[in-house]
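See below for the structure under consideration.
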Amino acid sequence: MSLENLERLLDAALLQQFPAGVVLIHEGDQADFLHVLIDGLAEIYTEQDGGEWGISLVNPVSTFILAAIVSDQPYLNSARTLVESRVLLIPAKRAREIFDQDVAFARMVAKELALAYRGSVKKLKGYMARSSVERLANWILAEAQKDIDQGNVVIPFDRGTLASHIGTTRENLSRSLAYLTEYGVRIRGREIVMDDKEQLAVFARPQRLIDDPTS
């Protein structure tokens with residue numbers, strides 16, 4: 001985007017530090033800020049019939065619930081920090097003004113929306129085509145891929161959050177983790193140890209058009 005429009009965008013922005021567990025966005029509220037996660041980890045979730053269900057996890061650097069900003073409509077989901085996080089808050093009105101004026105900025109916003117849409121379709125495909133234990137196995141493999149040198153996976157949040165984001169209950173998650181011991185998986189606190197990654201992959205059968213973040 002043009003330097004002038006970038007300055008206009010950032011001139012109205014606020015960079016804030018939030019502790020873990022702070023609700024940044026409330027489902028149903030009018031979209032007031034474009035949120036950009038700079039550091040930390042955030043969760044997009046919904047509250048239905050007294051329960052909570054995870055929609056997606058946001059890693060830096062990324063915007064979240066961008067569609068509500070562009071369309072000037074209420075947020076469809078809520079968002080909160082899972083760990084201490086830094087978030088850039090850009091007034092929605094200013095973001096829409098520059099979206100209408102700067103083609104390069106509008107193109108990047110459209111790309112971000114397209115990536116979010118594709119991510120939602122991939123997650124839906126996983127829900128429709130896989131059991132909860134298969135979704136867990138693929139989540140473990142995907143997390144391990146983020147840091148190949150690490151080898152094992154450290155769950156960055158509580159098990160209830162993990163259960164919510166793979167579409168199951170905490171009780172079923174425990175059963176699924178126990179089931180995966182047959183495929184070389186051991187649990188050590190929040191650490192998931194993979195004694196046989198290849199065997200786990202044979203069970204999980206990861207697919208490029210669901211699990212590959214570059215697809």
Side-chain angles (χ1 to χ4, degrees), residues 10 12-69 74-92 95 112 115-116 119-120 122-123 126-127 132 135-136 138-147 149-174 176-177 185-194 213:
L10 297 180
L14 300 171
L15 181 62
Q16 295 193 359
Q17 188 93 8
F18 296 97
V22 173
V23 177
L24 304 171
I25 289 172
H26 291 273
E27 183 173 340
D29 286 356
Q30 191 67 27
D32 52 359
F33 286 101
L34 169 60
H35 292 71
V36 184
L37 183 66
I38 305 299
D39 293 307
L41 180 65
E43 173 189 26
I44 309 299
Y45 67 99
T46 184
E47 298 176 272
Q48 301 292 331
D49 298 326
E52 291 185 356
W53 295 96
I55 303 297
S56 62
L57 298 170
V58 183
N59 294 285
V61 172
S62 180
T63 62
F64 48 98
I65 317 189
L66 178 58
I69 302 299
Y75 296 116
L76 294 180
N77 303 304
S78 299
R80 64 184 162 212
T81 56
L82 290 177
V83 300
E84 186 175 356
S85 303
R86 281 195 306 156
V87 181
L88 186 67
L89 305 171
I90 302 171
E112 186 85 359
L115 290 172
S120 297
K122 289 178 181 180
K123 191 160 189 175
Y127 281 158
S132 60
R135 293 195 295 272
L136 173 61
N138 278 285
W139 181 86
I140 294 172
L141 290 171
E143 286 297 301
Q145 193 64 28
K146 292 179 181 178
D147 189 351
D149 296 332
Q150 182 67 24
N152 299 328
V153 171
V154 177
I155 305 174
F157 31 68
D158 62 83
R159 290 193 184 185
T161 300
L162 174 56
S164 176
H165 279 275
I166 63 170
T168 189
T169 64
R170 194 183 183 103
E171 294 74 16
N172 282 336
L173 175 64
S174 296
S176 295
L177 287 168
V185 171
R186 290 184 291 116
I187 306 301
R188 193 164 56 198
R190 284 196 175 185
E191 186 178 20
I192 299 176
V193 181
M194 290 177 289

### Message
With a 3.5 Å distance limit and no angle check, can you tell me whether S176 reaches the backbone of N172 through a side-chain donor-acceptor pair?
### Response
yes
### Spacing of CG belonging to L177 relative to CD1 belonging to I155, to within rounding of 0.5 Å
6.5 Å
### Summary
Per side chain to side chain contact (heavy atoms under 4.5 Å, CB included), Y45 is matched among V23, L57, I25 by V23
### Task
First locate atom CD1 of I55, then atom CD1 of I44, and finally report the distance between them rounded to the nearest 0.5 Å.
9.0 Å
### Summary
Residue pairs meeting salt bridge (Lys or Arg N to Asp or Glu O under 4.0 Å), one or both in residues 34-48, sequence neighbours left out, come to D39-R86, E43-R80
### Message
For the CG atom of L136 and the CG atom of L162, what is their distance to the nearest 0.5 Å?
### Response
6.0 Å
#### Entry: Separation of L66 CG from E112 CD (nearest 0.5 Å)
6.0 Å
### Message
Under the rule for side chain to side chain donor-acceptor pair (under 3.5 Å), what residues qualify as partners of E84, not counting sequence neighbours?
### Response
Q17
### Task
Please collect all salt bridge (Lys or Arg N to Asp or Glu O under 4.0 Å) contacts where either partner lies in residues 21-32, sequence neighbours excluded, each pair once.
none
### Message
List the residues meeting side chain to side chain donor-acceptor pair (under 3.5 Å) with K123, not counting sequence neighbours, and say none if there are none.
### Response
none
### Query
Between N152 and R188, is a side chain to side chain contact (heavy atoms under 4.5 Å, CB included) present by the stated rule, with each step listed?
CA-CA 10 Å; N152 299 328; R188 193 164 56 198; 4.1 Å; yes
### Query
So do V22 and Q16 actually touch side chain to side chain, heavy atoms under 4.5 Å?
no
### Query
Atom CD1 in I166, atom CH2 in W139: separation rounded to 0.5 Å?
8.5 Å
### Residues which pass ring-ring contact (aromatic ring centres under 6.0 Å, His included) with H35, listed by chain and number, not counting sequence neighbours
F64
### Message
I'd like to check the salt bridge (Lys or Arg N to Asp or Glu O under 4.0 Å) partners of R186; sequence neighbours left out, ordered by chain and number.
### Response
D195
